[in-house]
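Report on the structure given below.
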Amino acid sequence: MAPLTSILSFLAISPLALAAIGPIHPPSHNNYVTKKDSEENPLPLVIWHGLGDNYAADGLASVADLAEITHPGTFTYIIRLADDPSADRTATFFGNVTQQIDQVCADLASHQILSTAPAVDALGFSQGGQFLRGYIERCNNPPVRSLVTFGSQHNGISEFQQCGATDWLCKGAQGLLRSNTWSSFIQNKLVPAQYFRDPNQLDDYLEYSNFLADINNERKVKNEKYKENLEKLERFVMYLFEDDTTVIPKETGWFAEVNGTDVTLLRDREIYKEDWLGLKALDKKGALKFEVTEGGHMELSEKLLKKVFEANFGTLGRTFGESKSEEFAVREDL
């Protein structure tokens, strides 16, 4: 296995850096159950990579190796939107996110191994985190047991990130993004525009957003299916990078609202108080976790990932620790 820390540290140098995973070859069996007692098997792990990455990159191949080491027998599936790695990377910039999630729903539901599993665990890196949440809300077949996201944009971004000096694909996307964020063309073709959310442009966002306004249930008509599906999670863990300057604002990783210097944490927002998505219900049963890790965007260590895998993934029917930090303890008045 390639040294995980060095791979991910190298990837983190780029403004677009996200860990990416290589293709994991399916085992020879056709079904999830291979042991006499299916509860001995760890649940399959589904991973969705982020902007500028592709399913065949080396970094996440090491993440998959680590999942296997932590929970022997783990089958890891890396979401791909194209068989060609270059086309898969292009799809992180260009495409209709609603259609992409529809494709992933169909792919997972028809997969020879995943479709036979009682549930799966899910790991989302950067934009892959909110896309996995969209999968859960919209189809959730196979159902997700635990969802862990790193540096995701659950409440959107208010600025578009910078591109590498020679990343012309990124620069081309950014030029279009800044031209007319709310046009039908941009909202149907440019991926980051579909989770752009500036509090100063909230009316435009609610009217024209192709993706985020819908899966966050922010419009007047709420989709009860989204809430019902998300409430089924046994674990929803959101990691924020302490020194993240790539995702603006970084607090979006915790569903926080940031307007200038004013930060409104999730529990003080209407989305939580009125429980549009089931986040309050998850919180009250101890399933919603707010975590922070040091470093910049996607600066991940093997030690941290192993801790995450041990705490949140593994066999069906396992129990999860209910300890909460004092800062994020569920308020008694909820």
Would you check, one step at a time, whether the test side-chain hydrogen bond (donor to acceptor under 3.5 Å, both in side chains) holds for His154 with Thr149?
CA-CA 9 Å; His154 290 297; Thr149 64; 3.1 Å; yes
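- Judged by distance alone, the side chain of Tyr135 and the main-chain N or O of Asn141 form a donor-acceptor pair under 3.5 Å.
- No option in Arg219, Gln194, Arg138 other than Arg138 meets the side chain to side chain donor-acceptor pair (under 3.5 Å) test with Asp214.
- Aromatic ring orientation, Phe150 versus Phe241: tilted (interplanar angle from 30° to 60°).
- Between Ser126 and His297, the side chains place a donor N or O and an acceptor N or O closer than 3.5 Å (distance only, hydrogens not considered).
- The distance between the ring centers of Phe131 and His49 does not fall below 6.0 angstrom.
- If you look at Tyr77 and His111, their ring centroids are closer than 6.0 Å.
- Less than 6.0 angstrom separates the ring centroid of Phe196 from the ring centroid of Trp182.
- At a threshold of 4.0 Å, the pair Asp283-Arg267 counts as salt-bridged, since one of the basic side-chain nitrogens sits closer than that to a carboxylate oxygen.
- Distance CG/Leu230 to CG/Leu277: 6.0 Å, rounded to 0.5 Å.
- Put simply, the side chain of Asn259 never gets that close to the backbone of Asp262: no donor and acceptor are under 3.5 Å apart.
- Applying side chain to side chain donor-acceptor pair (under 3.5 Å) to Asn216 and the options Gln130, Arg133, Glu137 leaves one that passes, Arg133.
- Contact check on Arg145 versus Asp121 returns a salt bridge, with a Lys/Arg side-chain nitrogen under 4.0 Å from an Asp/Glu carboxylate oxygen.
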